[in-house]
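Below is one structure, written out as structure tokens; the observations come after it.
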Amino acid sequence: MTLRLYNTLTRQKEDFETVQSGKVAMYVCGPTVYDKAHVGHAMSALVFDIIRRYLEYRKYEVRHVMNYTDVDDKIINRANREGVDPIQLAEHYIDEFKLHLRDLNIKPATVYPRATQEITQIIKMIQELGESDYAYAVDGDVYFRVKNDADYGRLSGRKPEDMQAGARIGVDERKENPMDFALWKSAKPGEPSWDSPWGPGRPGWHIECSAMNLHHLGEQIDIHGGGNDLVFPHHENEIAQTESLTGKPFARYWVHNGMMTLHGEKMSKSLGNLVTIEDFLAKHEGDALRMMVLNSSYRNPLTFGEDVVAAAEKGLERLRTALRPAVSNGQPSPELQQQIETTRRGFEEAMDDDFNTAGALGYLFDLARVVNQTKDAGLDAVPGQAVLRELMDVFGLRPERLAAEGEQAAPFVDLLVEVRRELRAQKLWALSDMVRNRLTELGIVLEDTKDGAIWRWK
RNA sequence: GGCGUCGUGGCCAAGUGGCAAGGCAAGGGUCUGCAAAACCCUGAUCAGGGGUUCAAAUCCCCUCGACGCCUCCA
């Protein structure tokens with residue numbers, strides 16, 4: 001079976017072939033850290049975490065790079081408004097984002113480069129672009145000369161001629177061409193800056209990603225990812241810079257996730273319609289958001305809403321319930337064995353088709369049902385539970401709710417459950433129910449099964 | 001205006017030429033001391049119109065509607 005994925009560059013699904021056999025170099029654009037991150041940012045990180053996990057399931061060795069843009073206009077503006085140091089402001093939000101990644105069960109990237117830590121590489125790259133006439137300096141700023149890049153616009157499917165008409169923002173008069181974009185920006189007094197051949201300044205937004213790619217992954221990478229709002233101009237410009245310099249195709253596959261929407265519109269700061277990751281995680285566990293992502297296709301917009309979150313949580317609970325209890329005292333079940341094969345085949349076929357997680361998830365639910373049937377029949381459900389657990393892990397779903405504070409209460413709960421078992425044996429229903437009700441009030445769900453009572457945190 | 005995506009049962013959402021997955025919600029039933037969970041049963045002809053085809057949600061055209069990018073943005 002061949003893995004196929006949709007390439008924004010060609011607008012079609014293509015067979016996945018890596019530069020180096022068995023290895024994947026993947027670069028994903030991370031956030032600009034000037035404010036709290038919202039669930040849309042989390043969605044993007046989750047999408048590429050799931051892709052990474054599946055590639056690893058398919059035995060690829062993945063080198064995963066995710067950057068932080070830690071110096072730019074927004075960061076500087078915000079820092080000025082709050083009267084703090086821009087670098088420290090960025091540092092703060094990076095720390096916060098890292099905690100979110102952990103809570104969302106996102107596997108750590110191989111490297112987390114930052115613009116401010118790649119200044120040397122960035123300057124070197126701009127110099128080389130200047131030497132080959134792809135860049136020009138004006139008053140301490142350096143711009144990329146778009147007209148010298150013959151196939152500019154390839155990724156986003158637009159022609160420089162078409163775009164001129166649409167240019168609305170006040171054009172910088174010093175640019176040779178309105179399409180040209182900044183590689184290096186001269187610093188105003190008080191702004192963070194680094195010395196360069198063009199005077200003190202800082203890198204433009206696009207060049208940092210080109211430089212970090214070159215530095216950490218090389219001239220040619222396999223997957224370059226990010227939100228589809230980055231297709232133009234960010235990724236277009238990255239291609240222009242990198243390919244103009246190396247003369248080689250930059251990324252083989254450009255993969256873009258759709259936007260998270262709230263009330264029918266893209267979640268974004270400017271519209272004020274956003275839910276921060278912090279707020280989300282205060283009310284829900286990270287896996288709930290992951291379920292929402294899994295239940296849709298990554299290239300389409302994802303609807304956010306409390307009803308959708310609730311449905312995701314219930315579905316997650318269903319998968320987890322099938323995992324417990326694991327009782328292996330029964331006879332093997334041929335039906336389950338068959339379902340296991342169907343599940344694995346279906347799961348891989350779906351995922352091989354441009355990471356169709358929603359389709360693959362359907363097979364997991366099918367397996368869960370057969371596992372439950374097997375349990376009801378008193379047969380051995382463990383083989384099915386093992387596969388379910390394994391594939392949930394490929395999705396990054398935890399087999400049980402993450403331990404919360406106070407979970408060290410477990411031995412005491414066990415004790416109460418044990419006492420209650422005795423009460424039930426003596427048919428003291430009122431007392432027995434009281435124990436269960438009181439535990440429910442404390443956030444513990446207790447269920448009586450054939451094999452005794454099981455409990456879990458709600 | 002240019003480029004692009006999308007419109008499937010109450011909600012979320014797969015499927016993209018051959019009798020419409022799955023989850024959530026809802027209703028009925030089984031099991032259970034009760035409850036919960038689980039299991040069983042029940043529902044859509046795929047925005048609208050036209051065309052191609054033996055056959056279309058799936059291909060082509062038109063209409064309507066929603067959204068994204070074209071400016072910082074995951």
Side-chain angles (χ1 to χ4, degrees), chain A residues 8 11 28-32 34-35 37-48 66 69 72-74 77 153 156-159 161-170 205 225-234 236 256-261 264-270 291-292 294-297 299-305 307-319 321-322 324 346 350 353 356-366 368-377 424 427-430 432-433 436-437 440 445-450 453-456:
Chain A
T8 306
R11 314 256 172 209
V28 181
C29 285
T32 299
Y34 71 103
D35 202 349
H38 57 70
V39 289
H41 297 112
M43 171 194 177
S44 189
L46 284 165
V47 163
F48 289 98
M66 195 197 88
T69 296
D72 90 320
D73 291 344
K74 282 182 166 177
N77 291 340
S156 54
R158 38 193 107 204
K159 303 180 186 111
E161 312 88 80
D162 293 345
M163 283 186 283
Q164 308 226 359
R168 317 170 192 159
I169 293 298
W205 176 36
N228 67 13
D229 53 349
L230 298 181
V231 173
F232 189 91
H234 187 54
E236 192 71 73
H256 294 99
N257 64 275
M259 296 292 102
M260 181 83 86
T261 62
E265 283 178 310
K266 173 182 169 181
M267 193 174 278
S268 77
K269 195 81 189 154
S270 51
M291 275 298 277
M292 287 170 54
L294 288 168
N295 190 42
S296 67
S297 51
R299 287 193 281 132
N300 291 342
L302 202 177
T303 311
F304 186 92
D307 47 345
V308 180
V309 178
E313 284 177 322
K314 293 298 295 283
L316 177 63
E317 201 49 54
R318 180 172 168 76
L319 291 179
T321 303
R324 271 169 290 117
D353 181 16
N356 180 356
T357 54
L361 186 59
Y363 285 98
L364 260 49
F365 279 111
D366 286 342
R369 188 184 343 102
V370 178
V371 162
N372 288 330
Q373 288 169 340
T374 307
K375 285 199 285 192
D376 283 0
R424 293 186 71 227
K427 297 195 191 302
L428 297 169
W429 307 126
S432 157
D433 287 352
R436 186 175 60 198
N437 292 338
T440 301
V445 180
L446 196 148
E447 294 169 6
D448 294 313
T449 76
K450 278 198 285 280
I454 57 174
W455 68 271
R456 64 172 192 276

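What you see is a predicted model, and the numbers here were worked out from it, not measured in a lab.
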Completion exercise
pair_partner(B:C67), Watson-Crick or wobble, both distances < 3.5 Å, evaluates to B:G4
Exercise for the section: Using atom CZ of A:Arg11 as one end and atom P of B:C6 as the other, report the distance to the nearest whole Å. Expected result: 11 Å
Exercise for the section: Supply the atom-to-atom distance A:Phe304 CZ to A:His38 NE2, rounded to the nearest 0.5 angstrom. Expected result: 11.5 Å
Problem - Euclidean distance for C1', B:C59 against B:G23 (whole angstrom) - result: 31 Å
Handout entry: Test applied, side-chain contact (heavy atoms from CB on, under 4.5 Å); reference residue, A:Met292; option that passes from A:Val39, A:Val308, A:Leu46
Key = A:Val308
Handout entry: Sugar-phosphate only, base, or nothing, as touched by A:Gly30 at under 4.0 Å among non-hydrogen atoms
Key = sugar-phosphate
Practice task
Both distances under 3.5 Å, Watson-Crick or G-U wobble: report the partner of B:C34, or none.
Solution key: none
Exercise for the section: Measure from CG on A:Asp307 to P on B:A13 and round the result to the nearest Å. Expected result: 10 Å
Practice task
Find the distance A:Leu319:CG to B:A37:P and express it as a whole number of Å.
Solution key: 15 Å
Exercise for the section: Whole angstrom is fine here: how far is it from NE2 in A:His256 over to C1' in B:C67? Expected result: 18 Å
Handout entry: Distance in angstrom units between A:Leu302 CG and B:C6 P, rounded
Key = 15 Å
Practice task
Using the C1' atom as the reference point in each nucleotide, state the distance between B:A55 and B:G68 in Å, no decimals.
Solution key: 36 Å
Problem - Atom pair NE2 (A:His256) and OG (A:Ser44), whose distance is rounded to the nearest 0.5 Å - result: 9.5 Å
Practice task
Starting at OG of A:Ser156, measure out to CG of A:Asn228 and round the result to the nearest 0.5 Å.
Solution key: 12.5 Å
Problem - Interatomic distance at P, B:G50 relative to B:A44, whole Å - result: 23 Å
Handout entry: Polar side-chain atom of A:Thr69 near backbone of A:Thr32 as donor-acceptor pair, under 3.5 Å
Key = no
Problem - Interatomic distance at C1', B:C46 relative to B:C19, whole Å - result: 14 Å
Practice task
Kindly point out which of B:C69, B:C40, B:G15 is positioned nearest to the side chain of A:Asn356?
Solution key: B:G15
Practice task
Please give the nucleotide sitting opposite B:G43 as a Watson-Crick or G-U wobble pair, both distances under 3.5 Å, or none.
Solution key: none
Completion exercise
Taken to the nearest whole Å, CD/A:Glu265 to C1'/B:A66 is 11 Å
Practice task
Tell me which of A:Met292 and A:His41 sits closer to the 5' end of RNA chain B, going by the nucleotide each one is nearest to.
Solution key: A:Met292
Problem - Separation between the C1' atoms of B:G1 and B:C12, rounded to whole Å - result: 35 Å
Handout entry: B/S/- contact track for nucleotides 18-23 of chain B, protein heavy atom under 4.0 Å
Key = ---BBS
Validation: residues 312-319 of chain A side-chain donor-acceptor distances under 3.5 Å, sequence neighbours left out:
residue: A:Glu313; atom: OE2; partner: A:His284; partner atom: ND1; Å: 2.9
residue: A:Glu317; atom: OE2; partner: A:Arg456; partner atom: NE; Å: 3.0

Practice task
For A:Leu294 and B:A13, give me the distance from atom CG to atom P, rounded to whole Å.
Solution key: 14 Å
Fill in the blank from the handout: Output for pair (A:Asn257 CG, A:Ser297 OG), nearest 0.5 Å, gives 11.0 Å
Exercise for the section: Indicate whether OP1 or OP2 belonging to B:A74 is found under 4.0 Å from a side-chain N or O atom of A:Thr32. Expected result: yes
Handout entry: N/O (side chain, A:Ser297) to phosphate O (OP1/OP2, B:A14) under 4.0 Å
Key = yes
Fill in the blank from the handout: Here the gap from A:Arg324 atom CZ to A:Lys375 atom NZ, rounded to the nearest 0.5 Å, amounts to 8.5 Å
Problem - Position toward the 5' end of RNA chain B (nearest nucleotide), A:Leu230 or A:Thr261 - result: A:Thr261
Handout entry: Counterpart base for B:U52, defined by Watson-Crick or G-U wobble contacts under 3.5 Å
Key = none
Exercise for the section: Classify the nucleic acid contact of A:His234 as base, sugar-phosphate or nothing, counting any heavy atom under 4.0 Å across all strands shown. Expected result: nothing
Problem - Minimum-distance nucleotide to A:Asn300 side chain [options: B:A74, B:C6, B:A37] - result: B:C6
Practice task
Ignoring hydrogens and angles, tell me if any N or O in the side chain of A:Asn295 forms a donor-acceptor pair with the backbone of A:Met291 under 3.5 Å.
Solution key: no
Practice task
Please work out if A:Gly264 contacts a base, only the sugar-phosphate, or nothing of the nucleic acid, heavy-atom cut-off 4.0 Å.
Solution key: sugar-phosphate
Handout entry: Short side-chain N/O contact from A:Lys266 to OP1 or OP2 of B:C69, under 4.0 Å
Key = yes
Practice task
Rounded to whole angstrom, note down the P distance from B:A47 over to B:U8.
Solution key: 7 Å
Practice task
Heavy atoms under 4.0 Å is the rule here; annotate nucleotides 28-36 of chain B 5' to 3' with B where the base is hit, S where only the sugar-phosphate is, and - elsewhere.
Solution key: -----BBBB
Exercise for the section: In whole angstrom, give me the gap between the C1' atoms of B:A66 and B:G48. Expected result: 15 Å
Exercise for the section: Would you mind classifying the nucleic acid contact of A:Gly226 as base, sugar-phosphate or nothing, using non-hydrogen atoms under 4.0 angstrom? Expected result: sugar-phosphate
Practice task
Taking A:Lys266 for its side chain and A:Pro301 for its backbone only, find out whether a donor-acceptor pair lies under 3.5 Å.
Solution key: no
Exercise for the section: Using the P atoms only, state how far B:C67 lies from B:A56, rounded to an integer number of Å. Expected result: 32 Å
Fill in the blank from the handout: Across every strand shown, the nucleotide meeting Watson-Crick or G-U wobble geometry with B:U58 (both distances under 3.5 Å) is none
Exercise for the section: Could you grab the distance from atom OH of A:Tyr34 to atom NZ of A:Lys269, nearest 0.5 Å is fine? Expected result: 6.5 Å
Fill in the blank from the handout: To the nearest angstrom, the CZ-P distance between A:Arg299 and B:U16 comes to 12 Å
Handout entry: Pair A:Lys74 + A:Asp35: basic N to acidic O under 4.0 Å
Key = no
